[in-house]
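Everything numeric here is computed off the predicted structure, so don't read it as measured data.
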Amino acid sequence: ALGLAACNGGEPGKQAYRTANIDRGNVEVSISATGTLRALSTVDVGSQVSGQVQSVEVDFNEAVRKGQVIARIDPGNFETRLTQAQADLASAEAALVEAQTALRLAEAELKRKNDLAGRKLISASELDVAQAARDQAVSRVGSARAAVKQRSAGVADAQLDVTYTEIRSPVDGVILLRSVEPGQTVAASFQTPVLFRIAEDLTRMQID
């Protein structure tokens, strides 16, 4: 397209013209400011278990993906506790099987005593003893089942601690801060220590 610009050529009543190409472009406004530049969204990553840092898998300014292992805590103590919890669960399950077997025997004995009592061949006290034995067996089964649930919870808790020894990035981003080194002891007691700070999106920044 051609644009026409009219101008006065110096003589009254006479018009002069010139042509020019029309250009298209962006209008940009620049703003100058001073302050601390930081990402809009950052995530602090810590450890939920205490122990010695076995390895650090990432460094400053390194891009990480969600779920990526960025550090490891020595899992030795936690794996030992998991093994012990699994052994306790196996023992509780064996006790439950034994209690269930005892209950079946007590129920069979009570049935025989009921038959004999119906034919007046045993005293009422003997029947009462058989009834009490059956009730005790029922109680032991209930207690054994509760123990199995408790030991199962202990195994799940120990497995969770083993999982927590692998510190993973919760988001996609870039490592802004790494405050841990291999061999360092991490104490996750009342407050989770910050080991890494990750910026989620460095294309969106702000100045404080």
- Residue pair R151, V155: steps toward the side chain to side chain contact (heavy atoms under 4.5 Å, CB included) verdict: CA-CA 6 Å; R151 299 297 186 272; V155 169; 5.7 Å; no
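The cluster map of Ile, Leu, Val, Met, Phe, Trp and Tyr, joined by side-chain heavy atoms under 4.5 Å apart, puts I198 and V174 in different clusters. Both V49 and V162 are members of a single hydrophobic cluster when ILVMFWY side chains are connected at heavy-atom separations under 4.5 Å. Following chains of ILVMFWY side-chain contacts shorter than 4.5 Å, one cannot reach V56 starting from V194, and the two form parts of different hydrophobic clusters. Hydrophobic clustering (ILVMFWY, side-chain heavy atoms < 4.5 Å, transitive): V69 and V58 are in distinct clusters. Residue L116 is not grouped with residue V129 when hydrophobic side chains (ILVMFWY) are merged at heavy-atom distances under 4.5 angstrom, including chains of intermediate members.
Taking OG of S55 as the start and CD1 of I70 as the end, the distance is 11.0 Å to the nearest 0.5 Å. To the nearest 0.5 Å, atom OH of residue Y164 and atom OG of residue S50 are 13.5 Å apart. Rounded to the nearest 0.5 angstrom, R112 CZ and D115 CG are separated by 9.5 Å. Note: S152 OG to D88 CG = 11.0 Å, rounded to the nearest 0.5 Å. Note: I175 CD1 to R197 CZ = 11.5 Å, rounded to the nearest 0.5 Å. To the nearest 0.5 angstrom, Q68 atom CD is 9.5 Å from D172 atom CG.
At most 12 non-hydrogen atoms from other residues, nucleotides or ligands lie less than 6.0 angstrom from CG of N77. The number of heavy atoms from other shown groups lying within 6.0 Å of CD (Q100) is above 12.
The minimum heavy-atom distance between R81 and A158, with the atom names listed, is NH2-CA, 3.7 Å. Heavy-atom minimum distance, Q86 versus Q159: NE2-NE2, 4.2 Å. Shortest non-hydrogen contact noted between V45 and I167 is CG1-CG2, 3.7 Å. The two residues A117 and L127 make their nearest non-hydrogen contact at CB-CD2, 4.0 Å. Taking each heavy atom of I207 and G35 in turn, the nearest pair found is CG2-CA, 3.6 Å. Of all the heavy atoms in V148 and A92, the pair that sits closest is CG2-O, 3.4 Å.
Counting heavy atoms from C-beta on, the side chains of T165 and D74 never come closer than 4.5 Å. Within the 4.5 Å cutoff, the side chain of E107 has heavy atoms near those of the L103 side chain. Q54 places none of its side-chain heavy atoms less than 4.5 Å from the side chain of E166.
Ion pairing of R134 with E109 is absent here, as no side-chain N (NZ or NE/NH1/NH2) approaches a carboxylate O to less than 4.0 Å.
In this structure, the side chain of N26 does not engage the main chain of E28 through any donor-acceptor pair within 3.5 Å. At distances below 3.5 Å, not a single donor-acceptor pair connects side-chain atoms of S139 with backbone N or O atoms of D135.
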What donor-acceptor contacts under 3.5 angstrom involve side-chain atoms of residues 180-188, with partners at least two apart or in another chain?
unit_1	atom_1	unit_2	atom_2	d
E181	OE1	R178	NH2	2.8
E181	OE2	R178	NH2	2.5
Q184	OE1	E181	N	3.1

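Counted by atom type alone, R104 and T101 present one or more donor-acceptor pairs between their side chains at under 3.5 Å.
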